[in-house]
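Bear in mind that the values here come from a model prediction, so they are computed numbers and not experimental data.
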Amino acid sequence: MRVRGIRKSFGSIEALRGVDLDLWPGECLGLVGDNAAGKSTFTKILAGTYLPDAGTIELDGKEIAYSGPAEARGYGVEMVYQDLSLCDTIDVAGNLYLGREISKGPFLDKAAMQRGAHEMLRKLEIRIPNTALKVAQLSGGQRQSIAIARSAAFDPNVLILDEPTSALAVAEVEAVLALINRLKAKGVAVVLITHRLQDLFRVCDRIAVMYEGTKVAERAIAETNLEDIVRLIVGEGHR
Amino acid sequence: MRVRGIRKSFGSIEALRGVDLDLWPGECLGLVGDNAAGKSTFTKILAGTYLPDAGTIELDGKEIAYSGPAEARGYGVEMVYQDLSLCDTIDVAGNLYLGREISKGPFLDKAAMQRGAHEMLRKLEIRIPNTALKVAQLSGGQRQSIAIARSAAFDPNVLILDEPTSALAVAEVEAVLALINRLKAKGVAVVLITHRLQDLFRVCDRIAVMYEGTKVAERAIAETNLEDIVRLIVGEGHR
Amino acid sequence: MTLYTERQSGSRLRDFFESHAHVLSIAVFLIACCALFTSINDVFLSPGNLLNLLRQAAPTLIVAVAMTFVITTGGIDLSVGSIIALVNASAALLLRAGWDWPVVSVLMLMLGAVIGLFQGYFVAYQRIPAFIVTLAGLSAIRGIALVLTGGFSILIPPGLFLSIGRGTLFGIPSPALMGLAVALIGFIVLNFTVYGRHVCAVGANAEAARRVGIPARRVVASVYVWSGVAAALAALVVAARLGSGSSNAAVGTELDVIAAVVLGGTSLMGGRGTIVGTVMGALTISVISNGLILSKIDAFYTQIVTGAIILIAIWVNTRIFDQVGSVRRKS
Amino acid sequence: MTLYTERQSGSRLRDFFESHAHVLSIAVFLIACCALFTSINDVFLSPGNLLNLLRQAAPTLIVAVAMTFVITTGGIDLSVGSIIALVNASAALLLRAGWDWPVVSVLMLMLGAVIGLFQGYFVAYQRIPAFIVTLAGLSAIRGIALVLTGGFSILIPPGLFLSIGRGTLFGIPSPALMGLAVALIGFIVLNFTVYGRHVCAVGANAEAARRVGIPARRVVASVYVWSGVAAALAALVVAARLGSGSSNAAVGTELDVIAAVVLGGTSLMGGRGTIVGTVMGALTISVISNGLILSKIDAFYTQIVTGAIILIAIWVNTRIFDQVGSVRRKS
Amino acid sequence: AGKTFALIQYNQQVSFFTDITRGAQEAAKASGDELLVFDANNSAQAQDSAFDTYIQQKVDGIIIVSVDQNGVMPAVRTASEAGIPVVAVDGVLPEGPQKAQISVDSYTAGKLIGEFYVDYVKKNMGGKVTLGSVGALNSDLQNLRQKGFDEVVNAAGVATSVGVVDGRNIQDQALAAAENLLTGNPDLQTLYATGEPALVGAVAAAESQGRTDKIKLFGWDLSAQAIAAIDQGFLVGVVQQDPFLEGKKAVEALVTLAGGGSVEKEIKVPVTIVTKENVDAFRAQFK
Ligand SMILES: Nc1ncnc2c1ncn2[C@@H]1O[C@H](COP(=O)(O)OP(=O)(O)OP(=O)(O)O)[C@@H](O)[C@H]1O
Ligand SMILES: Nc1ncnc2c1ncn2[C@@H]1O[C@H](COP(=O)(O)OP(=O)(O)OP(=O)(O)O)[C@@H](O)[C@H]1O
Ligand SMILES: O[C@@H]1[C@H](O)[C@H](O)CO[C@H]1O
Ligand SMILES: [Mg+2]
Ligand SMILES: [Mg+2]
């Protein structure tokens, strides 16, 4: 995936001021930056949720213009949104299979989805006693787990994770990092946005730093360390 | 603050199964636990948002029965909710002063609130260019910063922070930790829920561990370390 | 102190009560109303009157089932009464012009679909609030009926068409059968199909639905098509029952229909709908108006009593829900 | 590559346009309507007709201002038409019974407040959806008016009372003055007072408002009191204007009022309300009905044209908003 | 010729009113004048506003079919002060500056059909029956029709009333109300309907309940359905006003007034009680 010159404004705020990025299969790219740097906005564009004001996205050398997230999903681009994007009044299994329901003809195969949901959650070591619970009734961390399980379940080509571990407890964070490594091994390209910088060094191959709507640096993981990244994020000494 | 035997069920889920806790002025208590352990539910009860099914809360030796969060606020109990509890269609300054508007008679003193808002944000080193922006337009981290600034601004006696730093970038996390230490010095009792365990050791005096709706352990910070806490959270070797 | 025990998983029955509290309480209320009217007047429970009741409830019920879908997406359709008027008038005109009744019926259902599609397009693709689109529809569509009929009520020539409204099958009035069939279909579609799931998802969180690739706009547009078709079907029943078509038909029906849906426990915020509740809501409304007349309440008081009963029904509903559900969840 | 530059802060004008797009576009639409009708008929712009227009718009405007508050909290009040009928009938009966007009006027405003309080109580403290509470009210309150009048229209004896509807001050009709005064008060309260801020907060996120200690339920209940009082005031204007009271007054007014509010750009989802928009929405509706009469449109077509115009107004509104606002924000 | 008149209508959903409009239009065509029609859609306020607007427009005469007889009087006075003659059709206005009143007095005509009813019951039904009514409680006029009818019937003591139900002037509402009245009173012998929607609903209810052989209907306002019911024999008598003629006479009166002439303050139009005997004369009108 090759992204060039992405721009996006909201009213008077220029959220993105021309961002370029390359992404290779089987690698994990860490995307970091101060709050409001534009990370979420940028990844939403990759996932087709926003349409950019300018810029191009190429996939396998072919330029593509998304018309929406459904299309991006068709290309195998999956995303965990910072706001999770769950349907509160629908149960856990239903949310996991949202938009990709198992069906017999036009009918939902509820039993199969409940079984599949158990399986998905088990793989990610997520403990949710009852997959028939409504998502509104779950705790913050449980909700986040479901969003992650959903995005990883259907063999994506590109997986974008926008602060996926922010509400997770220790063991669950480990499970997510393990998941990322598993997916990388399968050839999935992963974009990980996080403020837990130490996690970056455990899964990422490259780190891109954003600042006020631009990409200011990109480092291979071997060439950098935590202090360097922090300095890059804050922009100290570069002005 | 002295809390005894708090219970709370939602339908078939027993979120809290009898929790006791003491809280002293000028100390910071870390509250940790696995996802869905009941941390948010417990603190919401302290803040008057939920009424407990059973149990008592004493403040300065007097038993109190909240009728709602307004009353808790009256006792100086402030909370940053995991879901932030902001009003999306109201601007930054308005959210910071929500429920405590500066007024001249019945009229809002908008100019004073804008000034005050700038001041609050400056203190917390939060960069939001325009306090007249609607909160809906802000990034995840910016929104969280506002919730924190709001809770800390009005001299609380008890400040409850439910995962306040989950969406914050490095520098902002530092600012929040510094804030907690400042407030402690002023005699405020702070409850900090977080999954970033290393932060606990920088600000907390005591750590309480919850597991499946009960408090399973309490440790003074000097007596424990990271590995110990992790083991307590997961419950390994205790079963 | 360090006693690690898992939570007991509580009574599933309690979960069941909680998640079906709305439906259960309207059921209780409906039964209470029936008991009350039975004790006042013994005609109420007579088979004749019960069939009557079903027949009268049918048009409201048919539209309410479709409206349940609309409201579940978080929308509303205020134009259904006007669509009934237009279809009912058009059908009468065509029948009088000598068209065959099956042709007319099919055409009329298509007319309902087209109107629904038109409104659905503006709601879903132009993102104009459903309240406004269908309010405009409420005015304009009845206006068209007015122009078509010139203000006259149009006699439908005797014939098979009238049995849509007046016929019986196995002793059950055909409108009642149609109503029940529509309710059954609605129940299955909403609860057991992929489409039904998408309707709920769009109502719960339209943006999330869009993000997971559900064709959110198409789903939203579609529910207005169903409410258009259902209104057309109800119009055929009304026309066949009255034996005439008029632009004056079904004035204010939208409010009855919406009341039935909400009484049944479907949330106006979207994301949660129940057809069983809607059926009982529609029956409750019919039972009240039937029962009041049987009880010989002075007609001047029926509006007051009807309003009071609706309020009390919902109030009891809420109370029971609060009791069965998490007691004092919020302070 | 490592070039750290701050974002330029973009044009504030653009922000202004964006956040006021709804109001601006209804303003444009209103002006366009006026221009159109002026070109068709030169009576339209005559001072006499303009004053007429203001007077005709006054009752809708008065209620719409209060309704803006209700809708901003995320609620709705469907009972305003019925409250107008009840107050209007009660006022006529009391005046006919020889009561003094100032006493009657004050009593009637209090009656409106009491009805609003009753409904607000159920909405805010019993958490019954506003749609249902006020739908029950719509039925029951007009029912009371029907019982009081026996279905007959009640003549108001000549006297000072009538000048509420027909008097002028500095050549401006008194209803118009009242309408403008109410709008001005509404504007100030919604935008510049603590109470107005709380109304927005409750509509934006009721739970958040409660958590920061805003008396959310009291605020919610209060807006229904205002809509009750406003409806009562409108009822006095209508009664004085027509010189009679009738249970038939103001049928369907609720829809006009809500249309005015939503046309003006207030969001039915709550949290965002604009009185300036509401004033223009109410004027637009009056201009359309006045202009259509002057344009000699065949009466059979007025409903169609009215519906079409409302739809187009909002559609243009949405389009302009999309253009001025973030272009293609969502795909 | 060449004048502009305005007709402010009650609504256009009932044949009765549409017929007034047609009569007025025909007369205007004949005299070469322009007729503007406004549909108030049952709103007294809308009628008041329409008056204002037509006064601004300086029309040469206004015909009012009032929703609220008292409520139009201020506007009627304003119009007259502006020199615009007003003629009232159907709804009877109180004393005022209107130039003419063209209508059937509902109260008196209610008594008329009451007398017809008493007569019929005595002759054909043994002089003692049960009676139900379908009204439109929100219509002043229809309440008067009920009142006039009730007074005569009660005085004669021929009927026991089982009550009035409210059809709200909407056909399908009237149908449901009438059905409930019929099922609630399985032995009901006679039914009185005070207006067109009520009568259409009552006829359909009698048919749908299969009671056409056991019940006799009386009411107001012919329609195609009513004629069919008369033919079948269960609808006995219908008060038929002549709305077409009313509309026509109203325009003619305005033409005369505009030409400087004067008209009678009360212009009578005949009412007929339509029965099996004389129904043929009305068939053509309701094809
Ligand atoms: N829908 C929107 N409307 C208006 N402004 C927006 C919108 N979404 C984002 N912005 C603005 O764009 C900028 C970038 O926001 P974005 O959410 O991409 O930041 P981020 O890097 O994800 O920050 P965080 O780490 O806090 O999540 C911010 O200044 C924000 O105010
Ligand atoms: N409103 C509610 N309705 C039903 N169940 C609820 C509700 N709120 C919480 N729960 C349940 O209570 C339990 C505890 O939830 P809580 O939010 O307190 O956990 P938590 O410790 O804050 O977890 P996290 O770290 O994930 O935020 C969970 O099992 C959750 O499903
Ligand atoms: O006189 C008319 C007609 O007879 C019709 O019944 C409608 O209501 C009345 O105003
Ligand atoms: Mg973000
Ligand atoms: Mg939590």
Which pair of heavy atoms, one from D:Gly150 and one from E:Asn143, lies closest together, and at what distance? O-ND2, 3.6 Å
For the side chain of E:Asn70 and the backbone of D:Ser244, is there at least one donor-acceptor N/O pair under 3.5 Å apart? no
Check the pair E:Gln47, D:Leu242 against side-chain contact (heavy atoms from CB on, under 4.5 Å), reporting the backbone distance first and the verdict last. CA-CA 10 Å; E:Gln47 293 198 325; D:Leu242 300 183; over 6 Å; no
Where does D:Ile156 contact chain E at under 4.5 Å (heavy atoms): side chain, backbone, both or neither? neither
Any chance you could lay out the side-chain contact (heavy atoms from CB on, under 4.5 Å) test for D:Val251 and E:Asn42, step after step, and finish with the verdict? CA-CA 8 Å; D:Val251 173; E:Asn42 310 313; over 6 Å; no
The interface call for D:Ala250 against chain E, heavy-atom contacts under 4.5 Å, is both
In terms of heavy-atom contacts, E:Leu137 and D:Leu146 come closest through O-CD1, 3.5 Å
Checking side-chain contact (heavy atoms from CB on, under 4.5 Å) for the pair D:Leu155/E:Gln69: CA distance, chi angles, key distance, verdict? CA-CA 9 Å; D:Leu155 187 72; E:Gln69 287 72 257; over 6 Å; no
For D:Arg241, which atoms come within 4.5 Å of any heavy atom of chain E: side chain, backbone, both, or neither? both
Among D:Val43, D:Asn41, D:Ile293, find the residue that satisfies the side chain to side chain contact (heavy atoms under 4.5 Å, CB included) test when tested with E:Gln56. D:Val43
Is a salt bridge present between D:Arg166 and E:Asp48, judged by a nitrogen-to-oxygen distance below 4.0 Å? no
Contact origin within E:Ser43 toward chain D - heavy atom pairs under 4.5 Å: neither
Considering only heavy atoms, which portion of E:Leu144 lies under 4.5 Å from any heavy atom of chain D: side chain, backbone, both, or neither? both
Do D:Asn52 side-chain atoms and E:Asp52 backbone N/O form a donor-acceptor pair below 3.5 Å? yes
Taking E:Asp140 for the side chain and D:Phe152 for the main chain, is one N or O donor matched with an acceptor at less than 3.5 Å? no
